[in-house]
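Being a predicted model, the structure only gives us computed values, none of them experimental.
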Amino acid sequence: MIATINGTPITMAEIEPEVRTLINQDPDPYLRNFYEDPAKETAAARQRGLEARINSLLIATEAKKQRKTADEFRQLEINNRISSPTEQEIEGVFEANRAAFGTATLADVRPQIITYLRSQRAEELYVILANRLRMTNLVTKGADVNSPNLAPGTVLTTVAGTPITAGSLDERMKVYVYDLRSKIYAIQKLVLDRKINDQLLLAEATRKNIRSDELVRAEITDKRTPPTEAEIKQFYDENRERIPGDLPSVRGQISQFLESQQQEKLEIALSERLRHGANFKVLLPEPQPPVQMISRDDDPARGDKNAAVTIIEFTDFQCPACGAVYPILEEVLRGYGNSVHFVVRDFPLVMHADSRKAAEAANAAHAQGKFFDYVALLFKNQKALDTESLKKYAGALSLDQKRFDTELDSGMYAAEVQHDVEDGESYGIHGTPTIFVNGVQVKELSAEGLRAAIDAAMGKRAPASKP
């Protein structure tokens with residue numbers, strides 16, 4: 001039983017056919033595989049995860065030999081070798097996916113298609129590079145990745161002298177399995193909510209002695225109004241950077257989108273009204289996020305290191321989302337004072353050209369005891385993170401300018417930044433900001449969400465972090 005309405009139970013079997021249909025329509029084949037056979041897909045994912053980690057270490061090893069960062073090596077060996085797609089290839093993708101593009105023209109979606117084709121080629125070049133590096137670097141197989149009851153320290157593979165342990169893979173798999181279970185839960189919840197709404201709608205229609213479709217027409221259909229030209233133009237102006245094409249070419253799509261938004265708002269309003277005071281309970285269990293062993297490393301921190309709550313943030317100083325969360329997080333942390341231990345780790349994203357050097361600069365400021373002051377300047381000036389600006393901010397804080405400039409120019413902290421990135425990847429991080437409270441990733445990065453996560457952890461000693 002996953003819900004009750006007026007004492008009548010709803011079982012998983014009742015929603016399973018629709019859930020299965022939606023999952024089969026999902027473009028992610030791993031989600032479909034996991035739904036059909038969780039154990040089999042998890043085993044396959046462990047093997048894929050191990051292969052990905054081997055490839056990552058091979059690239060890191062080769063980059064180190066060439067005195068480059070892993071990103072620089074990828075740029076040289078992959079990104080710089082991606083050829084531009086031909087017009088025939090672009091048109092082929094457009095024709096093969098015309099239904100998915102709707103009313104958009106080839107000119108409208110050309111940038112998306114080019115990005116898609118380039119990403120495909122990048123993946124192909126990555127595989128070729130990894131296979132080549134396996135021929136020039138020693139890769140030694142250890143225990144089978146799917147052997148039962150593997151101890152965390154069990155070595156699965158050694159790449160050029162660096163071991164990959166079962167424990168490190170287990171951390172990544174925790175996130176993978178949780179994400180798949182969360183996606184399935186979201187689909188189940190969607191279908192269950194629809195069923196609850198349908199039954200409440202039927203009960204309301206019966207009470208009013210009318211048909212369900214008449215109630216829908218009165219509460220939704222008849223209340224809809226076509227969007228005005230001013231509303232269409234306003235939407236276009238506010239989203240111009242993300243919309244391919246000029247206003248005349250996308251007017252119809254925008255109108256349809258605004259109509260669907262209005263329809264959704266009316267449906268939600270009706271649902272909330274019907275649910276208010278109704279006798280129903282939702283019992284569908286939500287997956288619990290995994291507790292991960294997130295290393296604090298020796299990164300910049302403040303607060304009592306022995307506090308009951310440890311907060312670890314992986315951030316990118318050029319990331320707009322990180323910049324938006326920064327003042328929220330600062331405000332929340334002020335309310336807890338020294339009773340939480342806050343650690344900042346680097347996770348510069350490849351898409352942000354200046355983020356890695358900004359991370360190195362923050363480490364140079366940390367060496368002079370001004371990390372958090374310096375970070376505040378970085379987030380305040382996210383559009384000016386070139387090397388000259390990074391040095392200027394050091395001067396604004398009266399740091400030892402010669403020492404700062406020398407350390408930044410020499411790449412003294414590049415390895416430290418790369419170490420954080422590799423750690424983050426091992427925890428399944430793929431975007432920023434990512435924040436953990438006692439080893440549990442916070443999904444809701446609002447002030448309320450952060451406070452709720454910290455308060456929930458307050459009474460639990462043993463934070464899931466390691467020195």
Side-chain angles (χ1 to χ4, degrees), residues 152 167-168 171 174-175 288-317 319 321-348 358-379 397 413 416-429 431-467:
S168 65
E171 289 299 314
K174 284 180 184 179
V175 180
Q288 293 302 303
V291 178
Q292 296 178 259
M293 297 297 293
I294 309 298
S295 173
R296 290 175 286 186
D297 201 37
D298 58 352
D299 287 294
R302 66 186 186 214
D304 183 358
K305 68 178 182 180
N306 295 313
V309 176
T310 296
I311 302 168
I312 301 176
E313 178 187 22
F314 284 80
T315 193
D316 174 331
F317 299 117
C319 164
C322 296
V325 166
Y326 171 74
I328 297 173
L329 182 57
E330 287 294 296
E331 177 194 349
V332 169
L333 290 175
R334 276 195 294 271
Y336 294 92
N338 206 42
S339 61
V340 300
H341 186 55
F342 176 51
V343 183
V344 180
R345 302 198 63 183
D346 299 308
F347 200 81
E360 292 179 34
N363 277 274
H366 176 52
Q368 297 190 42
K370 292 284 188 177
F371 175 81
F372 288 100
D373 294 327
Y374 190 81
V375 163
L377 289 177
L378 294 182
F379 281 126
L397 294 175
Y413 299 103
E416 170 62 29
V417 173
Q418 182 60 29
H419 173 67
D420 279 6
V421 170
E422 291 174 1
D423 263 11
E425 289 175 346
S426 75
Y427 304 136
I429 296 173
T432 54
T434 297
I435 299 175
F436 298 90
V437 175
N438 280 12
V440 178
Q441 185 176 342
V442 182
K443 294 296 186 181
E444 178 54 58
L445 297 180
S446 64
E448 295 76 14
L450 289 164
R451 288 193 185 97
I454 295 170
D455 290 344
M458 271 297 184
K460 304 174 182 178
R461 191 65 182 164
S465 62
K466 53 189 178 184

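- Every residue two or more places apart in sequence or in another chain that forms a side-chain contact (heavy atoms from CB on, under 4.5 Å) with Ala453 is listed here: Val437, Val442.
- Side-chain contact of Asn363 with Asp346: a donor-acceptor pair under 3.5 Å is present, judged by distance alone.
- Listed by chain and residue number, His366, Phe371 satisfy the side-chain contact (heavy atoms from CB on, under 4.5 Å) test with Pro300 (two or more places apart in sequence, or in another chain).
- Judged as a side-chain hydrogen bond (donor to acceptor under 3.5 Å, both in side chains), and not counting sequence neighbours, Ser339 has no contacts.
- In this structure Tyr326 satisfies the side-chain hydrogen bond (donor to acceptor under 3.5 Å, both in side chains) test with no other residue, sequence neighbours excluded.
- At a threshold of 4.5 Å between non-hydrogen side-chain atoms, the residues Ile311 and His341 do not count as touching.
- Between Glu330 and Arg302, at least one side-chain N (NZ, or NE/NH1/NH2) sits under 4.0 Å from a carboxylate O, which counts as a salt bridge.
- Applying the salt bridge (charged side-chain N to carboxylate O under 4.0 Å, His left out) criterion to Asp455, with sequence neighbours excluded, gives no partner residue.
- Side-chain atoms of Met458 and Val340, non-hydrogen and from C-beta on, do get closer than 4.5 Å to each other.
- With sequence neighbours excluded, the residues that form a side-chain hydrogen bond (donor to acceptor under 3.5 Å, both in side chains) with Lys174 are Glu171.
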Exercise for review: I would like to know whether Asp423 and Ser295 meet side chain to side chain contact (heavy atoms under 4.5 Å, CB included); could you show each step before the answer?
Suggested key: CA-CA 8 Å; Asp423 263 11; Ser295 173; 4.2 Å; yes
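- The aromatic rings of Phe436 and Phe314 stand perpendicular to each other, their planes meeting at an angle above 60°, with 30° marking the opposite boundary.
- Taken from CD1 in Ile435 to CD1 in Ile294, the straight-line distance is 12.5 Å, to the nearest 0.5 Å.
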Exercise for review: Evaluate the criterion salt bridge (Lys or Arg N to Asp or Glu O under 4.0 Å) for residue pair Glu416 and Arg345; output intermediate values, then yes/no.
Suggested key: CA-CA 10 Å; Glu416 170 62 29; Arg345 302 198 63 183; 5.5 Å; no
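- Taken to the nearest 0.5 Å, the CG atom of Leu377 stands 14.0 Å off from the CZ atom of Phe372.
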